[in-house]
**Student:** 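Before we start, here is the structure in question, set down as structure tokens.
Throughout, residue positions are numbered sequentially from 1 according to the sequence presented. As the structure lists them, so they are numbered: ligands from 1, and atoms in each ligand from 1. What you see below is based on every heavy atom in this structure, not just the backbone, and it leaves out hydrogens, waters and symmetry mates.
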Amino acid sequence: MPDHDVLIVGAGPVGLLLACLLVQDGMRVEVCERRTHADDRTRAIGIHRPGLEALDTAGIGTAVRAEALRLEGGEVRSRRRSLAS
Ligand SMILES: Cc1cc2nc3c(=O)[nH]c(=O)nc-3n(C[C@H](O)[C@H](O)[C@H](O)COP(=O)(O)OP(=O)(O)OC[C@H]3O[C@@H](n4cnc5c(N)ncnc54)[C@H](O)[C@@H]3O)c2cc1C
């Protein structure tokens, strides 16, 4: 008999957020990750509003904002042309 209700394969942002939300709902969750150490490349250039709202739902949005630099805008450029802002 497993000691969890849900098994999540992959401890990326999606798996970890899902685990947080399920635990808040009273589920027993196990997360399996094949990597044995953290990736040393950053993937934290920016978190958009829907992502922040999801982190708020998980109860960690305030802690994330406290460590973050708030940006009011941004621009995507290619070959000296602005593609989006
Ligand atoms: C260089 C780079 C920069 C980025 N910058 C940003 C950014 O600034 N802002 C942003 O919002 N997004 C950014 N992204 C995108 C963001 O990283 C992805 O959208 C996000 O990681 C996807 O999350 P995920 O949980 O779906 O997948 P992943 O992050 O890929 O996580 C999946 C996990 O599952 C594990 N796994 C897979 N198969 C198995 C298995 N069979 N058994 C056990 N474990 C398994 C993998 O090892 C991995 O850890 C960036 C991506 C890259 C590559």
**Student:** Could you tell me, atom by atom, which parts of ligand 1 come under 4.0 Å of a heavy atom of Arg35?
**Tutor:** 47 (O), 49 (O)
**Student:** Quick one: nearest non-hydrogen protein atom to atom 7 (C) of ligand 1, plus distance?
**Tutor:** Arg43 O, 3.1 Å
**Student:** Is atom 15 (C) of ligand 1 less than 4.0 angstrom from at least one protein heavy atom?
**Tutor:** no
**Student:** Considering non-hydrogen atoms of the protein only, which is the closest contact for atom 34 (O) of ligand 1, and what is the distance?
**Tutor:** Gly10 CA, 3.0 Å
**Student:** Of all the atoms in ligand 1, which lie at a distance below 4.0 Å from a heavy atom belonging to Gly12?
**Tutor:** 25 (O), 29 (O), 31 (O), 33 (C)
**Student:** Out of Glu33, His48, Arg41, Arg34, indicate the one that has the non-hydrogen atom closest to atom 48 (C) of ligand 1.
**Tutor:** Glu33
**Student:** Quick one: nearest non-hydrogen protein atom to atom 10 (C) of ligand 1, plus distance?
**Tutor:** Gly46 O, 3.5 Å
**Student:** Got a second to check how far Glu30's CD is from His4's NE2, nearest 0.5 Å?
**Tutor:** 5.0 Å
**Student:** Output the distance between atom CZ (Arg70) and atom CG (Leu52), rounded to the nearest 0.5 Å.
**Tutor:** 8.5 Å
**Student:** May I ask you to list the atoms of ligand 1 that are less than 4.0 angstrom from any heavy atom of Pro13?
**Tutor:** 20 (C), 21 (O), 23 (O), 24 (P), 25 (O), 29 (O)
**Student:** Name the closest protein heavy atom to atom 26 (O) of ligand 1, giving the residue it belongs to and the distance to 0.1 Å.
**Tutor:** Val14 CG2, 3.3 Å
**Student:** Could you tell me the separation between the CG atom of Leu17 and the OG1 atom of Thr57, rounded to the nearest 0.5 Å?
**Tutor:** 8.0 Å
**Student:** Return the closest protein heavy atom for atom 1 (C) of ligand 1 as residue, atom name and distance.
**Tutor:** Thr42 O, 4.2 Å
**Student:** Could you grab the distance from atom CD1 of Ile60 to atom CG of Leu55, nearest 0.5 Å is fine?
**Tutor:** 5.0 Å
**Student:** First locate atom CZ of Arg28, then atom CG of Leu7, and finally report the distance between them rounded to the nearest 0.5 Å.
**Tutor:** 12.5 Å
**Student:** Taking all atoms of both residues into account, what is the closest heavy-atom pair of Ser82 and Glu75, and its distance?
**Tutor:** OG-OE2, 2.7 Å
**Student:** How far does CG of Leu22 sit from CG of Asp5, to the nearest 0.5 angstrom?
**Tutor:** 9.0 Å
**Student:** Can you confirm whether some protein heavy atom lies under 4.0 Å from atom 19 (O) of ligand 1, or whether none does?
**Tutor:** no
**Student:** Only heavy atoms count here, so choose which of Val9, Val31, Asp39, Leu17 is nearest to atom 42 (N) of ligand 1.
**Tutor:** Val9
**Student:** If you compare all heavy atoms of Asp56 against all heavy atoms of Gly61, which two are closest, and at what distance to 0.1 Å?
**Tutor:** OD1-CA, 3.2 Å
**Student:** So which heavy atom in the protein is nearest atom 8 (O) of ligand 1, and how far is it from that ligand atom?
**Tutor:** Ile45 N, 2.7 Å
**Student:** Is Arg65 salt-bridged to Glu67, cutoff N-O under 4.0 Å?
**Tutor:** no
**Student:** When only distance counts, is Ile47 in polar contact with ligand 1, meaning an N/O pair under 3.5 Å?
**Tutor:** no
